[in-house]
Protein chains: 2
Amino acid sequence: MDTTGEVGSFFKSAFSVDNVIFGFDGGDLKVLLIQRGQSPFKDKWALPGDLVYPNEDLNTAAERVLEQLTGLRGVYLEQVKTFGAVNRHPLGRVITVAYISLIKISNYTLTAASFAQSAKWHSIDEVGHLAFDHNEILESCLRRLKRKVRTAPIGFELLPPKFTLTELQQLYDSVLRLPKHLDKRNFRKKILSMNLLVECSEMQEGVAHRPAKLYQFDSDKYGQFVNEGFIFDI
Amino acid sequence: MDTTGEVGSFFKSAFSVDNVIFGFDGGDLKVLLIQRGQSPFKDKWALPGDLVYPNEDLNTAAERVLEQLTGLRGVYLEQVKTFGAVNRHPLGRVITVAYISLIKISNYTLTAASFAQSAKWHSIDEVGHLAFDHNEILESCLRRLKRKVRTAPIGFELLPPKFTLTELQQLYDSVLRLPKHLDKRNFRKKILSMNLLVECSEMQEGVAHRPAKLYQFDSDKYGQFVNEGFIFDI
DNA sequence: GGGTTTGGTGTGAAAATGACAATAAGTGCT
DNA sequence: AGCACTTATTGTCATTTTCACACCAAACCC
């Protein structure tokens, strides 16, 4: 949420979007935050967001925020929940619609927007106190991600197009944070039995050990299977 | 959404809540609709809803709409999705937050609000073309209900406090609309094995056949079990 | 008391889950 | 070349869950 200058007087009521942008680099699950340049909450970390323009659809606004920050278009975006407590914004009545987006962290280049200079990936459990009610928003989006990653093939949105099964498993491990880690053999059996992954001819490169096979997610096949009643489940 | 009279000039942007109120009477799943008294969409059926007051939380607004229409308080209410297409409302920019509520249909008495005179239960598949984007909203809420009814014990919200297992099964059948009906023996085994139902001493009365045992849902137990890691699943 | 209607119950086959460990294929170093 | 090191890859078995399926019981009505 940006609340600069001249909009002050406009603040009787307004709506905004806030975007919880998730990324994964092989370690922890990450979220992209920006450091606010202005009051209120100057210097605090916050979710990237903006007011919705008068002639802009909500989804469009969320896409715009994402593109301005990351330069990315056409990535996974999902509306999660709307936050509208009367006093959630100190300057007026602003309700905000929270979105999740999932991006391939390697695609992200910190170049695009004016506010991008202060954008930074944070490990999901090294996020401190955020501006506004953004901690609450983040919690909701994280819960949603945890559920959805098991029931729809959206984990792949966080990985490069070609990935190893170990990378995929690590992704699930770090999103789900189950008390016990997933079992390697059972995980591979399950994911391969869905027939949604196609083996690439190439292998992993540049590792100091036996290289793994690379796989790709076949979204066309997934579409077919869904039509036939298939339900993704991990 | 109510858009009467003097608010016309206020319409640059506003937010509203719309409430998809579900009920069940043993037959089909029902939804409570009102017939609009004013333009736009005069005489069309619509979801009950209203603008959110300046000092009112979103949830509070949804509770208010529900109470004004049904006289009920403290019933199940869940935010589902926010609809904000630029032209979804002909008179201005209005984004609306959609809620589901689940009520015990026998508790509903058509007395409360001014607009209640034109409220009526509709079978879920005898809903025609609704005002605004309300068909789309209804679809979203119905999908949500179908998912959630399997993963949380919210079906009971639609039944009287004491119910038979057959009633419960019919509820699931009419919400889920699976290609094959649920199997009686398997359903009873599953639901009873959760230990969430307590058998009442009373029996069903006034039926022209063998009366069934009545059960109650034990929400305290459910709370305990959840703390111990239990996940409701049907 | 016979007919009708719904309530209530158990078993077995098939599938899914979950625990578990040994060999294979590379790299880096000597 | 050989060895140490690291990660990749694969199958079995016991347990649990799922799913299909049919008959007697208990109440009412006449």
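Naming: A, B, ... by sequence-line order, numbering from 1 per chain. Quantities reported herein were computed from a predicted structural model and do not represent experimental measurements. Just the heavy atoms: all of them, side chains too, but no hydrogens, waters or symmetry mates, feed the values below.
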Problem set entry | Along DNA chain D, first and last positions that approach a heavy atom of chain B under 4.0 Å |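 Going 5' to 3' along DNA chain D, contacts run D/dC19 to D/dC28.
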Exercise. Which comes earlier along DNA chain D counting from the 5' end, the contact point of A/T166 or that of A/N186, where each point is its nearest nucleotide?
Worked result: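 Result: A/T166.
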For this session: Please determine, by modelled atom types, if A/Y222 and A/Q224 share a side-chain donor-acceptor pair under 3.5 angstrom.
Result: no
In whole angstroms, how far is the [atom2] atom of [N] from the [atom1] atom of [X]?
X      : N      : atom1 : atom2 : value
A/F187 : C/dC20 : CZ    : C1'   : 18 Å
A/I231 : C/dA16 : CD1   : P     : 14 Å
B/K184 : C/dG10 : NZ    : P     : 14 Å
B/L197 : C/dG7  : CG    : P     : 16 Å
A/L178 : C/dG18 : CG    : P     : 10 Å
A/L182 : C/dA19 : CG    : P     : 11 Å

Problem set entry | Contact nearer the 5' end of DNA chain C, comparing A/D183 with A/M203 | A/D183
Problem set entry | 5'-most by nearest nucleotide on DNA chain C - A/K180 or B/Q204 |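 Closest to the 5' end, via its nearest nucleotide, is B/Q204.
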Please confirm whether any donor atom in the side chain of [X] sits under 3.5 Å from an acceptor in the base of [N], or the reverse.
X      : N      : result
B/K189 : C/dT11 : yes
B/K213 : C/dG7  : no
A/R185 : C/dA21 : yes

Problem set entry | A/R36 to A/A131 - nearest heavy-atom pair and separation | CD-CB, 3.8 Å
Exercise. Does a sphere of radius 6.0 Å around CG in B/L178 hold more than 12 heavy atoms from other residues, nucleotides or ligands, not counting ones at 6.0 Å or beyond?
Worked result: yes
Problem set entry | side-chain hydrogen bond (donor to acceptor under 3.5 Å, both in side chains) partner of A/Y99, chosen from A/N19, A/D18, A/N59 |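 That would be A/N59.
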Exercise. Out of curiosity, A/L197 CG to A/L168 CG, how far, rounded to the nearest 0.5 Å?
Worked result: 6.5 Å
Exercise. What distance separates A/F163 CZ from A/K104 NZ, expressed to the nearest 0.5 Å?
Worked result: 9.0 Å
Exercise. Does A/K190 have a side-chain nitrogen or oxygen under 4.0 Å from the phosphate oxygens OP1 or OP2 of C/dA16?
Worked result: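 For A/K190, the contact criterion (side-chain N or O under 4.0 Å from OP1 or OP2 of C/dA16) is not met.
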Exercise. Which nucleotide, C/dA24, C/dG7, C/dG28, lies nearest any side-chain atom of B/R188?
Worked result: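 Among the listed nucleotides, the one closest to the side chain of B/R188 is C/dG7.
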Problem set entry | Lys/Arg N to Asp/Glu carboxylate O, B/K162 vs B/E202, below 4.0 Å | yes
